[in-house]
Amino acid sequence: MEFPLLVNKEQKSLTIAPLPSGEGHTARIDGREYRLRWLPINDNEWLLDVDGRPIRACLAAREGETWISIDGETYLVEEPGADDRRPRRRGGPDDQSRQVTPPMPAAVIRILAAEGDLVNRGQSLIVLSAMKMETTLTAPYRGTVKKIHVAVGAQVMPGEILLEIEPAEEEQHGV
């Protein structure tokens, strides 16, 4: 079966078929063929066997996007045309933008805000570590930290809500 995909916004073609032995599949990505088997570890982790090489993969899905982390590399996988089906943001914070989420699978190494804190747009909130690099998540607008859903040391995935911000009055009215 053939699937057109966007991988990090680049068009790819994936063809997958069961092996005649029934012990796995062949996967062809842009003309390159792999022998593939997989075993789910939990809802977000899989153990892959690619051409006899064991690989751990982490997956997270949210609103038509699937983030896959394999061997320290993170890929955004989407169906072509998925952008057309996603709701567009109009001015001012909406429910989705009130939530701070990680861009890739990561570990929380510092939390720089507390519930009830008033934060300004661009203020550092949470520091993550992924692929031996630190990433600081910042406030998308001025507001009050409503809820923190994680603790230092937590392993987090894209789409997971780490922190919620209630917009300041002027943000709610687009001032």
Nearest heavy-atom pair of [X] and [Y]: which atoms, and what distance?
| X | Y | answer |
| --- | --- | --- |
| Val150 | Ala154 | CB-CB, 4.4 Å |
| Glu160 | Val156 | OE1-CA, 3.4 Å |
| Ile70 | Ala57 | CG1-CB, 3.9 Å |
| Arg121 | Pro140 | CG-O, 3.6 Å |
| Asn8 | Thr74 | ND2-O, 3.9 Å |
| Pro4 | Gln11 | CB-NE2, 3.7 Å |

Let me check something: do [X] and [Y] share a hydrophobic cluster, defined by ILVMFWY side-chain heavy atoms less than 4.5 Å apart, either directly or through other members?
| X | Y | result |
| --- | --- | --- |
| Tyr34 | Trp38 | yes |
| Ile109 | Leu163 | no |
| Val152 | Leu162 | yes |
| Ile41 | Ile68 | no |
| Ile16 | Val50 | yes |

Note, Leu112 side chain near Arg110 side chain (heavy atom, < 4.5 Å): yes
Check: Leu76 and Val7 side chains under 4.5 Å, non-hydrogen atoms: no
Check ion pair Lys12-Asp30 (N to O, under 4.0 angstrom):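 Looking at Asp30 together with Lys12, the answer is yes, because their closest N to O distance falls below 4.0 Å.
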Lys146/Glu115 salt bridge by N-O under 4.0 Å criterion: no
Under 3.5 Å: donor-acceptor pair, side chain of Asp49, backbone of Gly52: yes
Backbone N/O of Ile165 and side chain of Tyr141: donor-acceptor pair under 3.5 Å: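 Such a contact is found between Tyr141 side chain and Ile165 backbone.
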Worked check of side chain to side chain contact (heavy atoms under 4.5 Å, CB included) between Arg142 and Leu118: CA-CA 7 Å; Arg142 186 171 160 11; Leu118 180 63; 3.2 Å; yes
Candidate pair Val77 and Leu6, rule side chain to side chain contact (heavy atoms under 4.5 Å, CB included), full reasoning: CA-CA 6 Å; Val77 180; Leu6 290 175; over 6 Å; no
Candidates Thr144, Thr138, Val145 - the one meeting side-chain contact (heavy atoms from CB on, under 4.5 Å) with Val119: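 Exactly one option meets the side-chain contact (heavy atoms from CB on, under 4.5 Å) with Val119, and it is Val145.
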Polar contact flag, side-chain donor to acceptor under 3.5 angstrom, Glu164-His149: yes
Nearest-0.5 Å distance that lies between atom OG1 in Thr135 and atom CD1 in Ile126: 12.0 Å
